[in-house]
Amino acid sequence: MLSQSQVNKLKSILGDKDVITSKIGMYAYGYDGTMLEGAHVAVVFPESTQEVVEVVNFCREQGIALVPRGAGTNVSGGTLPSEGSIVINFARMNKVLEIDLENYVAIVEPGVVNWDIQEILAKYGYYYPPDPASWKASTIGGNLGESSGGPKCFKYGVTRDFIYGLEVVLPNGKVIWVGGRDFSSEPMYDLTRIIVGSEGTLGFITKAALRIQPVPQAKRTMLGIFNTPEDCSQAVADIVAAGIIPTTLEMMDNLIINTTEDYAHAGNPRDAGALIIIEVDGYAADLDAQVETIRKVCEKDNAKEFRIAKSAAEVDQIWLARRVAFGSVARVKPNYGINDITVPRSEFPKAIAGIEKVKKDFGATIGIVAHAGDGNLHPLILYDQRNKEEVDLLHKAEMVLCELALSLGGTVSGEHGIGILKKALMPKEFGEQTLNVFKKIKRAFDPQNKFNPGKIIDL
Amino acid sequence: MSDIVAKLKGIVGEEYVVTADMSQYLRGNEQPQAVVFPGSTEDVAGIVKAAYDAGIKVNVGGKVVDTKGLTGGIAIVMSRMNQIEEVDPENLTCWVQAGMNHQEFVEKILEKNLYFPPEPYAVSTSSIGGCFGIGDVDTKAFNYLPTRTYILAYESVLPTGEVYKIGTKCIKCVSGYDLIHFITGTRATLGILTRVLVKLLPKPQAYRAVVADMPSLGAAAQAFKAIQKRKIFPTRLNALCKALGNEIMETKGVLVLVDLEGFPASTAQNALEVEAELRIAGATFSKIVEDKAEYDELWAKWLKVREKINLQENKVKFTVGPAKVPNAIASLAGIVGNLEENPGVLVEGLNGKLTVFTENAENDAVAINKLAMSLGGNVCGLLGNKLKSKAYNEDHNEIINVLNSIRSQFDPKGIMAPGIKF
Ligand SMILES: Cc1cc2nc3c(=O)[nH]c(=O)nc-3n(C[C@H](O)[C@H](O)[C@H](O)COP(=O)(O)OP(=O)(O)OC[C@H]3O[C@@H](n4cnc5c(N)ncnc54)[C@H](O)[C@@H]3O)c2cc1C
């Protein structure tokens, strides 16, 4: 617990309303998508870089750890407060500071919600490609913390690829700008890239220069429905082999097709083994030919149905099932564990087969949603949090899934980050020397280990 | 023979250590005590460990090594490690040894209908290790993103001699700190890349180039803006002053080089629209290059000019953003004199970046940075950072502290890449 004088000092920096120390008030900031809980002693809401600096300086003097937080939607325990820490919540630093369309850059504060910047940009015919499914809630700061991906990242890349520069408050309280308003302004080392994805363990981001771009001239949305996930993954491989990098290749398996039908009547056949939403974008003149190539590929790979959206309404209809996929499983079980294992694209069929085996071995109910182009799978393990046996089974099954990904030359995390949930797997993914190198990075920025301690690695 | 030379010979074999007539492997005036040619990661690790133990400086290069600060040190030439180890078309990846020549790699990969977009820094000598070591934001970066985008995994020897490996064939990976991309551009200060897993793309299905002779850089810049207004984003959108342009083709004025890679229909259509905009902006000559051999020859010549620009010491590179290029051009002459007569001006329309040769680079950089900042940009890289910090009254020292702090974690004795000072 903080002493009264510590609380008073924080209030003098931030104002009364921006410091919470009551148990009930702090509750909502103590957990994240993992359902675990932390043990913090205060939540603070800075509204400017200067306030962040003062909080950081005060906490450093007092030896208190700080845990940065955006919307808290991460699913890796990245915002779980460590014992005795203060949560620094960036939600109130939510201004869009500048939009410079002609130079393809937007400057925003970290608390801006991804969707909000998209809405502003859409008015001008622009967008910011990283689009995690949580975009209606998740913040740019959190997206940066995890280097989040989204359905469009097969073609366009992840958060890391769209950041020109950052204003960062370092653990010593100093403020630096890394990068600039273009990709050529890094001070030799690409500090932007090491901070993006560092889960708040190296520095706190207080401003970000995002690369924005004009909405492509045209887009086409297609749906391929297959009897088996194997045929579906073959189609993914064949589309890429045909020289096309779609914007989106979103796959769903039979279980998810059925839960989404129950929930939203999306109009997909319940007996299908898998479906895939395919989107291509680019110059209008090219898209007919690409659609035709994709149609042929899907037919060759035994698609039982292939639809091409002809109107905005049909695009929405195709996307409906995917949009409600996560929520729809609540009809089967109240909770789901979401994983983000990722394998090389060629190993996708083996990953699917491996998940089937986990289903059998554990008697678990698992539905699969996947960014198939990236080899990034979201096996959703359905369970009931009130049932301890099911919770234990969930944890065991998740570890086996991670090991499966590693055995296929993949990674335990394609987009959700390590946090604390997957920290134990780090020695399985990386050799000792690589882990040592991670420690060098952490020590270089935060030798006292006070910025989000215990996340990613232990020092 | 010194102890270290004997040790090196023990590691790589006598024939792979050169101590006399080293100049063909070196760039610069200083003299290392040996040039050594490792054949494997183990060799590199052995060399670096020996150097580290003895506190001897080390630098590395593909074919040639920069000798700045390397007097009495060891120059490691990676050219023996020049193999493509594995091409994986299904995953669009390739394991390649760091000493492979960059351009040769591009060509070999193209034969397999695959594409590695980054442009070689210096086409005659650059290696894949150098490509990622320098980590350029090249003239194709608007569409293809910077060089770092194309590294998925690597093996590296730390300055202390240990080997580590990181990355997978997955294009998405957020496990651990993103050293995979961070390593790009660290110029061997944090270790020596020995093998790299690069990300590839499918080979473009169609190519066109548009060339034009423009009355001025300003006219070229206006055309560049108009092209972007049409939502056309070519692969390269470059303008060269007459002196550089004439190394590619004879022009009366500024040479504009536009590269269009992509799918057949849009590539053909965009070429027509680009040419039209260049004509509207005053081109006295323009041509769409459709013939593939002619196209290849054009860009091969461009790469030679690019090498010349990159190896020129007396130059300033700065960014202002694509929309501000005309303003930058209009004001630049006030600092460096008539641009049309300058021996080296390059305008990268989409990156919003300009490079200008100047005999007084240090001084001009200060004035150019002021100009660039007034347009929302800055001089590139470390120098730009320093100038920008000074102008804003920010603490540039803190950036330097961070850089040094990282470097000393990796290289406590400071043996690697001694020419690089922050
Ligand atoms: C239903 C659902 C769907 C999802 N879909 C996707 C998806 O498609 N793709 C994907 O990648 N993820 C997805 N996620 C995970 C999650 O939404 C993302 O990781 C998201 O980017 C987190 O944003 P946030 O604002 O909630 O950040 P938080 O969860 O609050 O924080 C995330 C990390 O960033 C750090 N952080 C926050 N702010 C700052 C700052 N200012 N400076 C430094 N560090 C900071 C935190 O400490 C933490 O480590 C999904 C989650 C859910 C629940």
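Below, read A as the first sequence line, B as the second, and so on, with proteins coming before strands; counting in each chain starts at 1.
Looking only at side-chain heavy atoms (C-beta outward), B:Asp395 and A:Val175 stay at 4.5 Å or farther from each other.
Heavy-atom distances place the side chain of B:Lys388, and not its backbone, under 4.5 Å from chain A. There is no contact between B:Asp136 and chain A, counting heavy-atom distances below 4.5 Å. In this structure, no portion of B:Tyr115 lies under 4.5 Å from any heavy atom of chain A. For a residue to count as touching a neighbouring chain, one of its non-hydrogen atoms must lie under 4.5 Å from one of that chain's; by this rule B:Lys353 touches chain A with the side chain only. With a threshold of 4.5 angstrom between heavy atoms, B:Lys317 does not approach chain A through any atom at all. Using a 4.5 Å cut-off between heavy atoms, A:Asn376 touches chain B through its side chain atoms alone. Neither the backbone nor the side chain of A:Leu425 comes within contact range of chain B; no heavy atoms are under 4.5 Å apart. Within the 4.5 angstrom heavy-atom criterion, only side-chain atoms of A:His371, from C-beta onward, approach chain B. Using a 4.5 Å cut-off between heavy atoms, A:Ala242 touches chain B through its backbone atoms (N, CA, C, O) alone. The contact between A:Lys442 and chain B is made by backbone and side chain atoms together, counting heavy-atom distances below 4.5 Å. Looking at B:Glu90, both its backbone and its side chain come within 4.5 Å of chain A, counting heavy atoms on both sides. Of the atoms belonging to B:Val320, it is backbone heavy atoms, and not side-chain ones, that fall under 4.5 Å from chain A. Heavy atoms closer than 4.5 Å to chain B are found in the backbone of A:Glu186, but not in its side chain. Residue A:Ala237 touches chain B through its side chain alone, counting heavy-atom pairs closer than 4.5 Å. Contacts between A:Glu146 and chain B at a heavy-atom distance below 4.5 Å involve the backbone alone (N, CA, C, O). For B:Leu114, no part lies near chain A; criterion is any non-hydrogen pair under 4.5 Å. Proximity to chain B (any heavy atom under 4.5 Å) is shown, for A:Leu101, by neither the backbone nor the side chain. If you measure heavy-atom distances from A:Val343 to chain B, the contacts under 4.5 Å come from the backbone alone. Of the two parts of B:Leu158, only the side chain, counted from C-beta on, holds a non-hydrogen atom closer than 4.5 Å to a non-hydrogen atom of chain A. For B:Ile406, the parts lying near chain A are the backbone and the side chain together; criterion is any non-hydrogen pair under 4.5 Å. In this structure, chain B has a heavy atom under 4.5 Å from the backbone of A:Tyr156, while its side chain stays farther away. Contacts of B:Pro322 with chain A are made by both backbone and side-chain atoms, with heavy-atom separations under 4.5 Å. The part of A:Tyr104 that comes within reach of chain B is its side chain, from C-beta onward, which places non-hydrogen atoms under 4.5 angstrom from that chain. Contact annotation for A:Met188: both backbone and side-chain heavy atoms come within less than 4.5 Å of a heavy atom of chain B.
Per-residue heavy-atom pair counts under 4.5 Å with chain B were compared for A:Asp340, A:Leu191, A:Val158, A:Val412, and the maximum is reached by A:Leu191. Interface remark: of the candidates A:Ile456, A:Ile176, A:Thr434, A:Thr434 forms the most heavy-atom pairs closer than 4.5 Å to chain B. Ranked by non-hydrogen atom pairs under 4.5 Å with chain A, the options B:Ala323, B:Ala268, B:Gly321, B:Gly135 are led by B:Ala323. The candidate from B:Cys380, B:Gly191, B:Ala265, B:Cys170 with the greatest count of non-hydrogen atom pairs under 4.5 Å with chain A is B:Cys170. Taking chain B as the reference chain and counting heavy-atom pairs below 4.5 Å, the highest number among A:Asp288, A:Val215, A:Val196, A:Asp100 is found for A:Val215. Considering only heavy-atom pairs separated by less than 4.5 Å from chain B, the leading option among A:Ile195, A:Asn436, A:Leu202 is A:Leu202. In terms of non-hydrogen atom pairs under 4.5 Å with chain B, the most contact-rich of A:Gly243, A:Ser346, A:Gly431 is A:Ser346. Between chain B and the residues A:Ser185, A:Gly149, A:Ser184, the largest count of heavy-atom pairs under 4.5 Å involves A:Ser184.
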Practice prompt. Kindly determine whether A:Val437 and B:Ile166 satisfy side chain to side chain contact (heavy atoms under 4.5 Å, CB included), including the steps that lead there.
Written response: CA-CA 10 Å; A:Val437 173; B:Ile166 185 167; over 6 Å; no
Worksheet item: Going through the distances and angles, do A:Tyr189 and B:Val402 end up as a side chain to side chain contact (heavy atoms under 4.5 Å, CB included)?
Response: CA-CA 10 Å; A:Tyr189 289 172; B:Val402 173; over 6 Å; no
Worksheet item: Would A:Glu102 and B:Gln228 count as a side chain to side chain contact (heavy atoms under 4.5 Å, CB included) if you check the C-alpha gap in whole Å, the side-chain angles of each, and the deciding distance to 0.1 Å?
Response: CA-CA 9 Å; A:Glu102 283 189 308; B:Gln228 290 171 72; over 6 Å; no
Discussion item. Could you go through A:Arg211 and B:Phe142, starting from their C-alpha distance and side-chain angles, then the distance that decides it, and tell me whether this counts as side chain to side chain contact (heavy atoms under 4.5 Å, CB included)?
Written reply: CA-CA 10 Å; A:Arg211 173 179 157 128; B:Phe142 184 86; 4.1 Å; yes
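Of the N and O atoms on the side chains of A:Asn172 and B:Glu398, at least one donor lies less than 3.5 Å from an acceptor on the other residue.
The environment of A:Glu292 atom CD is dense: over 12 non-hydrogen atoms of other residues, nucleotides or ligands sit within 6.0 angstrom.
In this structure, CG in B:Asp178 is found 11.5 Å from OG1 in A:Thr192, a value given to the nearest 0.5 Å. Distance check, rounded to the nearest 0.5 Å: CD1 of B:Ile171 to CD1 of A:Ile245 gives 7.5 Å. For the atom pair A:Asp190 CG and B:Arg148 CZ, the distance stands at 5.0 Å (nearest 0.5 Å). Rounding to the nearest 0.5 angstrom, the gap separating the SG atom in B:Cys173 from the CZ atom in A:Arg160 is 8.0 Å. With rounding to the nearest 0.5 Å, the separation of CG in A:Asp286 from OG1 in B:Thr267 is 6.5 Å. Between B:Asn378 atom CG and A:Arg181 atom CZ the span is 9.5 Å, to the nearest 0.5 Å.
Side chain of B:Lys165 to main chain of A:Gln433: no donor-acceptor pair is present (N/O by atom type, distance under 3.5 Å, no hydrogens or angles).
Checked against the 6.0 Å centroid threshold, A:Phe430 and B:Tyr164 do not count as a close aromatic pair.
When the options B:Lys199, B:Lys169, B:Lys172 are evaluated for a salt bridge (charged side-chain N to carboxylate O under 4.0 Å, His left out) with A:Asp374, the one that passes is B:Lys172.
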